[in-house]
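Quick note on labels: first sequence line is chain A, next is B, and so on, each numbered from 1. Just so it is clear, the values below take in all heavy atoms, side chains as well, and ignore hydrogens, waters and symmetry mates.
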Protein chains: 2
Amino acid sequence: MRIMKHPALYEISIEQVFYALSDPVRLEIVQKLCMTDEATCSALDGGRPKSSVSHHFRVLREAGLVWTRNEGASHMNALRRAELNERFPGLLDVVEAAIQGGTGRNAA
Amino acid sequence: MRIMKHPALYEISIEQVFYALSDPVRLEIVQKLCMTDEATCSALDGGRPKSSVSHHFRVLREAGLVWTRNEGASHMNALRRAELNERFPGLLDVVEAAIQGGTGRNAA
DNA sequence: GCTATTGTTCTATTGTAATCGAACTAACGA
DNA sequence: TCGTTAGTTCGATTACAATAGAACAATAGC
């Protein structure tokens, strides 16, 4: 299959990570992955066109947030949790905590 | 003077915050503010044109990251530290920790 | 009031990114 | 091998954002 670009831990920049997380579609994907460990692209597409979703997964992969492995005809995606926690401790906690908070009003 | 738009705490969205932090110029400004408490725009402009810097400060203000108050002809800018720590606990720690890490290689 | 300083707003230009249809590729099963 | 399913890549369109010069506004000092 095609070679998936997965940057090494030290290649990941915080700007790129922030950028990847600034898109609502991608943030949604990441937040779902916070709770599901592993999922196919289609399980996370939210009804959006394949090409759009594929684009967003690419951004997430290249930012170092998501690891994609091959599972037959499907692609299984997972957060690079341990690595991200090592490189940017606390970041995923912030993302996870924002799930309840939503994008606008505070849940508290 | 002109009215500065400063969103209330509950109006701040994590996407907007991430977006604001994804620009190298703005991240640099925020990281400098992490260490200086308060500073004028010109103290943080890095030699860039006034209009560009003013634009970036606007984005930071509207994202809820920075509070600007009037000090004579100058504007004093400060991180909305306490508020951000309440709304997104740990976020500023990540930003601060990334100062040494730089954007590329890991400092560890 | 005049002038310098500080920063904002306006306007235009340029570059980049989101979106999505369509064609393509890979794996699986009948 | 043919069709199906899953996802990527290509190409075009559209929208947004960074940059920066120029004009403007607000303040301080003379």
Using whole Å, report how far [atom1] of [X] lies from [atom2] of [N].
X: A:Asn70; N: D:dA6; atom1: CG; atom2: P; value: 14 Å
X: A:Asp45; N: D:dA6; atom1: CG; atom2: C1'; value: 11 Å
X: A:Arg61; N: D:dT9; atom1: CZ; atom2: P; value: 7 Å

Bend angle of the helix from C:dG1-D:dC30 to C:dA30-D:dT1, end axes from five pairs each (to 10°): 20°
Along DNA chain C (nearest heavy atom to each residue), the more 5'-positioned of B:Thr40 and A:Glu71: B:Thr40
Ring pair (Phe, Tyr, Trp, His ring centres under 6.0 Å) contacts touching residues 31-68 of chain B (sequence neighbours left out): B:His6-B:Trp67
Connected via hydrophobic side-chain network under 4.5 Å: A:Met76 and A:Val53: no
Touch class at under 4.0 angstrom, heavy-atom based, for A:Ser54 against every strand present: base
Pairing residues for A:Lys50 by the salt bridge (Lys or Arg N to Asp or Glu O under 4.0 Å) criterion, not counting sequence neighbours: none
Residues that B:Arg80 engages under salt bridge (Lys or Arg N to Asp or Glu O under 4.0 Å), provided they are two or more places apart: B:Glu83
Those residues that, when tested against [X], pass side-chain hydrogen bond (donor to acceptor under 3.5 Å, both in side chains) (two or more places apart):
X: B:Asp37; value: B:Arg81
X: A:Thr36; value: none
X: A:Ser52; value: none

Other cluster members, B:Tyr19 - Ile/Leu/Val/Met/Phe/Trp/Tyr, side-chain contacts below 4.5 Å: B:Val59
Sequence-aligned protein contact record of nucleotides 18-23 of chain C, with B where the base is within under 4.0 Å of a protein heavy atom and S where only the sugar-phosphate is: SBBBB-
